S.K.: 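For reference, the structure I am asking about is given below.
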Amino acid sequence: MDKKQKNIRQSQGKITGSQALLESLVREGVSVIFGYPGGAIMPVYDALYNYKDKLRHILVRHEQGAGHAAEGYARVTGRPGVALVTSGPGATNLVTAIADAMIDSVPIVCITGQVSMSVLGTDAFQEVDVIGVTTPITKWNYQVTKAEEIPEVIAKAFYIAGTGRPGPVVIDITKNAQQDLMEFYYPKKVEIIGYQPTTQPNIKQIKLAADLINKAKKPYMFIGHGILISNATSEVMDLVEKTGMPVASTLHGLSAIPANHPLYAGMLGMHGNYGPNMLTQDADVILAVGMRFDDRVTGRLSDYAKKAKVIHIDIDPAELNKNVQAFVPIVSDAKPALSALIKYVNKNTHTAWVNEFKKADKKEEEKVHIHEFKNDKDGIKMAQVIKMLSNKTKGDAIIVADVGQHQMKAARYFEYKNPHSYITSGGAGTMGFALPASMGAKVAAPRKEVIAIIGDGSFQMTIQELATIAQEGLPVKVILLNNNFLGMVRQWQEMFYEKRYSFTNLKNPDFIAVTKGFGIKAEKVIDIKDLSAAMDRMLDSKEAFLLEVEVKKEENVFPMVPSGAAVHEIRLE
C-alpha cells in the first residue's frame, strides 16, 4: 500500500471479513438488509448477530423477494437497496430481480456467498459461477477471494450502483474471505479509472435545444424515470410553465409531475392516453428527458414522430440515437440539464396546441368511458377500483403495481400527486414484483400509505412474502384484482389469436383463507355496492390488510397500440 492510499484510509484494527463487510455497509449508510441465510454466507449471518442495533435484517421467504424488496426500497429512497443471500440456488434465485433492476435503472447492491477459494471451479456443493451468470445483467460485478479486498470493493459497489445511470451490482464473496482476519481500512473517496459519468450538460447543446423550443409551434416534452432518479421534478414544472408546452410521461415517469397539472397530457405508450400518443405525430419539437424511446413508447419506429426534431437528454450516452435519431443529443444528468435549459428558453404559451390534447381526451372519454363507469351486471371493473382508491387517498399514497392489466389500470386511473409514488416493473415486466417491492417501499417510507395492486396470477408467484410482512409487522395494504385469468395474455389471445385461450384460465385458491393463514387480515368483495366500505376498512387498518376484489372476467385495457403498429394507429376498442 503506497502513501497516497494510506492517506485516504482509516485503520480500525483486525476483524474478520464478515465483520468488515458489515462495517462497510454501515459506513455506506445502510440501515436495512433484505436477505436469506445459507451455508456459504453463514459467517456473515453470524457476524450480523452482533449488528442488530446498526443493521435491520428482514428475512424474506425467497431470494427473489430480497431483490425486489431492495428495489422497492431504492425506488422510494433513491439510495441503493441491499440484498444478502447464499451461493448456488440462493444466488440464482436473485437473478430475476437483478435483471429487473438493470433494465429499470434501479440501484441495488446484491451480496452473495460463495464456496471457499480452495474449491472454486470443482463443482463444489452449491457452487455456481455467479460472476458469469450476472455479467450481462449488472452494472458491475466482482468476486472477492481475500478478506482485505472487502472494504474497497464495497465502497466501489455503492459508488457504481448509485452514480451515473443507476443499476445493480453483485459482489460474490468466498467463504474463506468471510472468515479470514484483516486490518480494516475504509476508503474515504472512490475514484475509478475509466468510470466518470457525465453529469453536466454541454452549454452549446443546451442553447441549440432552447433555440428549437423557442421557435417551435408544437413543442412537446416527454419525461421518464430519469426525472425521478435525478430529483428533477420541480425543474420539469418550471420548464413547462415557462414555455407553455404540454408534457407526457412514460410508465416509469408517472408521478414526476402531478396528474392534475394543467400542462400534463397523460401517459405515453402501448396503453397510454389517446392524445399523448396521437399528437406525438404532430409535434414539431420533442424534448425527451430521462427516457429511452423503448418499443412500448414508440411503436413502429419507421413511422414515429416524423415531423419532430428531437432533443434527447440522458445521462447514458448509449441511449442517445439508439432507437430515435436526436437532432440535439445531450449527455447529462436531468436536473442540471433542465436547470440550464430553463435559463435560455423564452416565456411562451401554446394554448391552441394544448387544447388539441384536451379535445383528444374528450374523444377518448366518449369512446371508452375513461372517467365515467357504468355498473355492469357482469362484474366490477378494475378501473373502478383504482379510481375509487385514488379518490379516497386523494392521490397521496405509494402505489406498487405488479405486471399485467392491473398494472396499466393503476397507471391510468390513479392520480399521482407526489414523486416516487408509482413503482412497478417496466422494462422486464416481472410478474411477482409488487408484493416484495411493497415491503421495501414500506420500510423506506413507514409513514406513507403503501398499497400493492396485484393480479391473481402475479400474486401467486411471490405469495410466500405474506409471511415476511406478518413477521416484520409491515402494514402493507394489498388490493388483489382477481379475474381468474392471466388477464393481459388473455387479452392478446382475444384480440390477435381468435380467442384461443390457451392456458390462461386460472383455478385459484381461496385467497382469503390463505392470507388469514399467514395471520393477515383479509376481506373479499364481489359486488360494487360493498366496495367503498371495504376499501375504507382496508385504509383504516393499522395492520397489513388484503382486499380481494372479484373483477370482470374479460375486461380489456384500452387504449392500445398493437405490437408493431404506429402510435397513431392506437385502438380505443
Side-chain angles (χ1 to χ4, degrees), residues 34 36 58-66 68-69 72 379-380 382 384-386 388-389 392-393 397-407 409-410 431-443 446 448-487 505-553:
F34 303 93
Y36 201 95
I58 293 179
L59 178 64
V60 297
R61 295 307 190 265
H62 189 283
E63 291 88 353
Q64 181 181 348
H68 290 322
I380 303 169
M382 287 181 277
Q384 287 175 289
V385 181
I386 303 301
M388 183 182 291
L389 179 66
K392 286 182 179 292
T393 61
I398 294 174
I399 301 298
V400 185
D402 218 287
V403 173
Q405 290 179 314
H406 57 281
Q407 175 190 34
K409 299 291 186 179
M431 290 178 66
F433 170 87
L435 192 61
S438 67
M439 301 187 310
K442 188 63 180 179
V443 172
K448 294 285 290 186
E449 191 76 85
V450 176
I451 304 167
I453 308 295
I454 311 180
D456 46 313
S458 297
F459 189 50
Q460 293 176 81
M461 288 199 168
T462 51
I463 195 171
Q464 68 276 357
E465 298 307 334
L466 288 174
T468 306
I469 289 170
Q471 182 169 339
E472 291 293 326
L474 298 173
V476 171
K477 310 297 172 57
V478 177
I479 294 182
L480 175 60
L481 299 177
N482 183 3
N483 58 11
N484 292 284
F485 259 127
L486 297 176
N505 195 32
L506 296 176
K507 180 175 174 56
N508 289 322
D510 183 339
F511 289 119
I512 301 303
V514 170
T515 303
K516 288 182 176 179
F518 283 106
I520 294 174
K521 293 179 180 179
E523 191 173 335
K524 183 173 182 175
V525 172
I526 60 175
D527 195 308
I528 188 66
K529 64 180 174 56
D530 300 320
L531 180 60
S532 180
M535 192 176 289
D536 286 339
R537 288 190 288 273
M538 179 198 74
L539 293 172
D540 291 340
S541 176
K542 302 300 181 184
E543 305 171 31
F545 194 111
L546 180 137
L547 177 62
E548 178 186 358
V549 183
E550 190 174 297
V551 294
K552 187 175 178 180
K553 194 170 176 64

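These numbers were taken from a predicted model, which means no experiment stands behind them.
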S.K.: Can you list everything that forms a ring-ring contact (aromatic ring centres under 6.0 Å, His included) with Tyr36? Sequence neighbours excluded, please.
M.R.: none

S.K.: Where do Thr462 and Pro436 come nearest, in terms of heavy atoms and distance?
M.R.: OG1-CD, 3.5 Å

S.K.: Mind checking salt bridge (charged side-chain N to carboxylate O under 4.0 Å, His left out) for Lys553 and listing every partner two or more places apart, or none if nothing turns up?
M.R.: none

S.K.: With rounding to the nearest 0.5 angstrom, report the CD to CD distance, Gln464 to Gln64.
M.R.: 8.0 Å

S.K.: Write out all pairs satisfying salt bridge (Lys or Arg N to Asp or Glu O under 4.0 Å) with one or both partners inside residues 458-479, taking only residues at least two apart or from two chains.
M.R.: Arg56-Glu472, Glu449-Lys477

S.K.: Any side-chain heavy atom of Ile512 sitting closer than 4.5 Å to one from Leu546?
M.R.: yes

S.K.: Please step through side chain to side chain contact (heavy atoms under 4.5 Å, CB included) for the pair Leu59 and Thr468, ending with a clear verdict.
M.R.: CA-CA 7 Å; Leu59 178 64; Thr468 306; over 6 Å; no

S.K.: For atom NZ of Lys516, is the number of surrounding heavy atoms from other residues, nucleotides or ligands below 6.0 Å larger than 12?
M.R.: no

S.K.: What pair of heavy atoms forms the shortest contact from Phe34 to Gly440, and how long is it?
M.R.: CZ-CA, 3.8 Å

S.K.: Supply the atom-to-atom distance Lys409 NZ to Ile453 CD1, rounded to the nearest 0.5 angstrom.
M.R.: 13.0 Å

S.K.: Donor-acceptor pair, Ser458 side chain versus Ile454 backbone, under 3.5 Å?
M.R.: no

S.K.: CD of Gln460 to CZ of Phe511: how many Å apart, nearest 0.5 Å?
M.R.: 4.0 Å

S.K.: Keeping the roles fixed (side chain from Asp527, backbone from Asp530), state whether a donor-acceptor pair exists under 3.5 Å.
M.R.: no

S.K.: What closest approach, in Å, do Val400 and Ala441 show between heavy atoms, and which atom pair accounts for it?
M.R.: CG2-CB, 4.3 Å

S.K.: Are side-chain heavy atoms of Ile451 and Leu539 found at a separation under 4.5 Å?
M.R.: yes

S.K.: Could you check if a side-chain atom of Ile380 sits within less than 4.5 angstrom of a side-chain atom of Val385, using non-hydrogen atoms only?
M.R.: yes

S.K.: How long is the gap from CD1 on Ile479 to CE on Met382, to the nearest 0.5 Å?
M.R.: 13.0 Å

S.K.: State, without any angle test, whether Asn508 and Asn482 hold a side-chain donor-acceptor pair at a distance under 3.5 Å.
M.R.: yes

S.K.: Apply the test side chain to side chain contact (heavy atoms under 4.5 Å, CB included) to residues Asn483 and Lys552: give CA-CA distance (whole Å), side-chain angles for both, the deciding distance (0.1 Å), then the verdict.
M.R.: CA-CA 6 Å; Asn483 58 11; Lys552 187 175 178 180; over 6 Å; no

S.K.: To check you understand the geometry: which heavy-atom pair defines the closest contact between Ala467 and Arg61, and what is its length?
M.R.: CB-NE, 3.5 Å

S.K.: Testing the basics here: between Gln407 and Val403, what is the closest heavy-atom pair and its distance to 0.1 Å?
M.R.: OE1-CA, 3.5 Å

S.K.: For Phe433, give me all partners under ring-ring contact (aromatic ring centres under 6.0 Å, His included), at least two apart in sequence or on another chain.
M.R.: His68

S.K.: Would a 4.5 Å heavy-atom cut-off, applied to side chains only, mark Glu543 and Lys521 as touching?
M.R.: yes

S.K.: Could you work out, with salt bridge (charged side-chain N to carboxylate O under 4.0 Å, His left out) as the rule, every residue matching Glu548, not counting sequence neighbours?
M.R.: Lys524

S.K.: Please, which pairs that meet ring-ring contact (aromatic ring centres under 6.0 Å, His included) have at least one residue in residues 468-487, sequence neighbours excluded?
M.R.: Phe485-Tyr501

S.K.: Could you state the interatomic distance from CG (Leu481) to CZ (Phe459), rounded to the nearest 0.5 Å?
M.R.: 11.5 Å

S.K.: So which heavy atom on Leu435 is nearest to which on Leu466, and how close?
M.R.: CD2-N, 3.9 Å

S.K.: If you round to the nearest 0.5 Å, how far is CD1 of Ile469 from CZ of Phe518?
M.R.: 9.5 Å

